[in-house]
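Each remark here refers to the structure printed beneath this line.
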Amino acid sequence: NEIKRPPLSKIPSLMPNLEEKRSYTLSNALSIIKILPRVLGVVAVAKDGMLIEGHFDGLLSREELGALATGSFDSVAQNIAKIDFGQPIEIMIEAAKSKLWIINRGRMLIILSTRDDVNLGSLRLKVNDIFRRTDFS
């Protein structure tokens with residue numbers, strides 16, 4: 001007598017599905033980004049400059065950082081429109097002691113403040129992966 005076994009595709013796996021990705025809330029995503037190496041802070045602000053959420057331990061307060069980034073983004077958007085370059089998606093401001101990365105996510109701006117020696121390629125990959133799993137609604 002031969003034992004009939006179901007096909008492997010019908011056997012439930014005891015291991016979790018590795019391809020299943022966990023989704024994050026905005027608060028979770030910002031908390032994860034904040035603990036990345038050389039990230040000084042991260043805030044989310046509405047297009048009018050009002051703070052939505054943030055984690056920041058720098059010289060500026062979260063509100064000041066949000067206002068600075070919103071003003072910078074608006075200024076760039078107005079001036080870039082004059083040369084028909086389209087709407088900005090991301091703006092990077094590099095200074096002697098730090099970097100400011102402003103990301104347009106539709107209804108809000110996400111602002112990352114980093115040390116000047118941050119590896120931007122690695123940071124971009126990590127942040128984009130977090131954003132893919134975040135519900136920004």
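- Side-chain contact between I33 and F131 is present, with heavy atoms from C-beta onward closer than 4.5 Å.
- Side-chain atoms of D129 do not come within 3.5 Å of backbone N or O of L125 as any donor-acceptor pair.
- Contact record, P37 with V118: O-CG2, 4.2 Å, taken as the closest heavy-atom pair.
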- After noting the C-alpha distance and the side-chain angles of N28 and T25, does the key distance pass the side chain to side chain donor-acceptor pair (under 3.5 Å) rule? CA-CA 5 Å; N28 294 136; T25 64; 2.8 Å; yes
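- There is no path of hydrophobic side-chain contacts, each under 4.5 Å, that joins F85 to I93.
- No continuous path of ILVMFWY side-chain contacts below 4.5 Å connects M50 to M108, so the two sit in separate hydrophobic clusters.
- Across all non-hydrogen atoms, the minimal contact from T70 to A46 is OG1-O, 4.3 Å.
- Atoms CZ and OG, from R133 and S23 in turn, are 9.5 Å apart once rounded to the nearest 0.5 Å.
- Look at E90 and R124 and you find a salt bridge, because one of the NZ, NE, NH1 or NH2 atoms lies within 4.0 Å of a carboxylate O, short of that distance.
- No donor-acceptor distance shorter than 3.5 angstrom exists from the side chain of R38 to the backbone of R115, with no hydrogens or angles considered.
- By the side chain to side chain contact (heavy atoms under 4.5 Å, CB included) test, S75 is found to be paired with N79, residues two or more places apart in sequence or in another chain being considered.
- Residues N104 and L109 approach most closely at CA-CD2, 3.8 Å, considering heavy atoms.
- More than 12 heavy atoms of other residues, nucleotides or ligands shown are found within 6.0 angstrom of CG on D48.
- Nearest heavy-atom pair, V45 versus G66, reported as atom, atom and distance to 0.1 Å: CG1-CA, 3.6 Å.
- In this structure, the side chains of D116 and K97 stay at 4.5 Å or more apart for every pair of heavy atoms.
- If you take CD1 on I52 and CZ on R62, they are separated by 12.0 Å, rounding to the nearest 0.5 Å.
- Smallest separation of non-hydrogen atoms from P88 and F73: O-CZ, 3.5 Å.
- The CZ atom of R132 lies 11.5 Å from the OH atom of Y24; values are rounded to the nearest 0.5 Å.
- Within the 4.5 Å cutoff, the side chain of I111 has no heavy atoms near those of the L68 side chain.
- Within the 4.5 Å cutoff, the side chain of L36 has heavy atoms near those of the V127 side chain.
- The distance from the CG atom of L65 to the CG atom of L100 is 6.0 Å, given to the nearest 0.5 Å.
- In this structure, OG on S61 lies 8.5 Å from CZ on F56, to the nearest 0.5 angstrom.
- With contacts defined as side-chain heavy-atom distances shorter than 4.5 Å, the pair S72/I102 qualifies.
- Listed by first and then second residue, the salt bridge (Lys or Arg N to Asp or Glu O under 4.0 Å) pairs that reach into residues 24-37 are K34-D57, sequence neighbours excluded.
- At most 12 non-hydrogen atoms from other residues, nucleotides or ligands lie less than 6.0 angstrom from CD1 of I89.
- In the hydrophobic cluster analysis, where Ile, Leu, Val, Met, Phe, Trp and Tyr join through side-chain heavy atoms closer than 4.5 angstrom, I80 is grouped apart from W101.
- Counting heavy atoms from C-beta on, the side chains of T114 and L40 never come closer than 4.5 Å.
- Annotation: the span from S98 atom OG to L112 atom CG amounts to 12.0 Å, rounded to 0.5 Å.
- A donor-acceptor pair is defined here as one N or O able to donate and one able to accept, closer than 3.5 Å; no such pair exists between the side chain of K99 and the backbone of E94.
- Shown here for V43 and H55, the closest heavy-atom pair between the two residues is CG1-N, 4.3 Å.
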